[in-house]
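What follows is a set of notes on a single structure, which appears directly below.
All chains are named by letter (A, B, ...) in the order of the sequence lines, taking the proteins before the strands, and each is independently numbered beginning at 1.
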Amino acid sequence: MPELPEVETVRRMLIDTVVPKEIVKVEVYYEKIVDGDAADFAKRLTGQSFESIDRKGKFLIFILSQDAFISHLRMEGKYELVDAAFPRDKHEHLSFFLEDGTRLRYLDVRKFGRVKLVDKQDYLKEPSLMKLGPEPWDITSDYFYQRIHRSEKPIKSLLLDQSVIAGLGNIYANEVCFRVGLSPKTPGKKLSKKKAEEILEASKTILTEAIRYKGTTIHTFSSNGESGGYQDHLLVHGQKNCPTCGRELTKEAVGGRGTYYCKNCQK
DNA sequence: TTTTAGACCTGTTTGC
DNA sequence: TGCAAACAGGTCTAAA
């Protein structure tokens, strides 16, 4: 599932492949992918060029010559650059035909992803972006502690709350809890300032490592057909046994999400 | 105010 | 073997 490292990998791929190309045609095959009027989306973007690709949390922001649009990959969304004549995939919901005879296509098996036209000058005022908290690199441990130390919610849920800290998803939240030896069920209010600092540091380390490996490929995620390599470095997510003590890992729902942890090593 | 549950989706896995 | 149900999970919205 695309989390911050996967989205950053996609962003870098897009900068290399579509900037500064012009869009000559836009086709929307599944209208619900577009938040707003799909026909208007296609019409407005036709004739514009890609200026740059930004990212905030797990959102991609496509900056065009006149407009901008945001894109969230949700569970299984991915972008690929193919030849314009390449056959359409059954999960291809949106295509940008480019001036050089290529086509940037958006594929999403589960149709969860969304794109939305936004104001180019003020896109950060878009409600979904406004709600996002800072990324782990942009906050102090004091800020993080302040945000979590009064909450009854389990730390795993707080790490997934994008308004507290942006970028972590289910996979990396599991890894962070393991890395600091903490039960994912521990309420935020039970955590010391020192532990909060450890969690923040582990979040930065894990996300940085994952970006270096171009993300984690689980099921169908890929950026331009390339697979990430971080899945080979996951310590608990999707694993059977604890890499530290060798005991069988526990898998249960925490905050409604599948959670892997070691009852022996994570207290 | 904070937390929880349901909706959105469909391919894969599990159970009968 | 074949079918049905459960499961996967990020974000938004509504309800508790």
Taking only nitrogen or oxygen atoms into account, show me every contact under 3.5 Å that the protein makes with nucleotides 11-14 of chain C, one pair per line with its distance.
| residue | atom | partner | partner atom | Å |
| --- | --- | --- | --- | --- |
| C:dT11 | OP1 | A:H72 | NE2 | 2.8 |
| C:dT11 | OP2 | A:K58 | NZ | 3.4 |

Using a strict threshold of under 4.0 Å (side-chain N to carboxylate O), is an ion pair present between A:R257 and A:E252? no
Quick check: A:F96 with A:Y79 (ring centres under 6.0 Å apart)? no
Rounded to whole Å, please give me the gap between CG in A:L107 and P in B:dT10. 15 Å
Separation of A:K78 atom NZ from C:dG10 atom P, in whole Å? 18 Å
Any side-chain N or O of A:S157 less than 4.0 Å from the OP1 or OP2 oxygen of B:dT3? no
Just compare C:dG10, C:dG9, B:dC9 and give me whichever is closest to any side-chain atom of A:Y30. B:dC9
If you only use heavy atoms from C-beta on, which nucleotide in C:dA8, B:dG11, B:dT4 is closest to the side chain of A:K153? B:dT4
Apply the side-chain contact (heavy atoms from CB on, under 4.5 Å) test between A:D54 and each candidate in A:L124, A:I63, A:I15; give the one that qualifies. A:I63
Euclidean distance, atom CG of residue A:D161 to atom C1' of B:dT4 [Å, nearest integer]: 13 Å
Per the side-chain contact (heavy atoms from CB on, under 4.5 Å) rule, which among A:I206, A:I165, A:T205 passes with A:P136? A:I165
Under-4.0 Å side-chain N/O to phosphate OP1/OP2 contact, A:K251 with C:dA8: yes
Under 3.5 Å, is there a donor on one side chain and an acceptor on the other for A:T259 and A:K156? yes
Whole-Å gap separating C1' (B:dC8) and CG (A:L73): 16 Å
Does OP1 or OP2 of B:dC9 have a side-chain N or O of A:K32 closer than 4.0 Å? yes
Give the rounded distance in Å between these two atoms: CG of A:L4 and C1' of C:dG10. 14 Å
Cation-pi geometry met for A:K21 and A:F50 (6.0 Å, 45°): no
Can you tell me the distance, in whole Å, between the NZ atom of A:K189 and the C1' atom of B:dT2? 13 Å
Candidates B:dT3, B:dC8, B:dT10 - which lies nearest the side chain of A:F112: B:dC8
If I take atom CZ in residue A:R110 and atom C1' in nucleotide C:dG9, what distance separates them, rounded to the nearest angstrom? 6 Å
Whether the side chain of A:E99 engages the backbone of A:E22 through a donor-acceptor N/O pair (distance < 3.5 Å, no angle test) should be reported. yes
What is the distance, rounded to the nearest whole Å, between atom CG of A:D108 and atom P of B:dC8? 16 Å
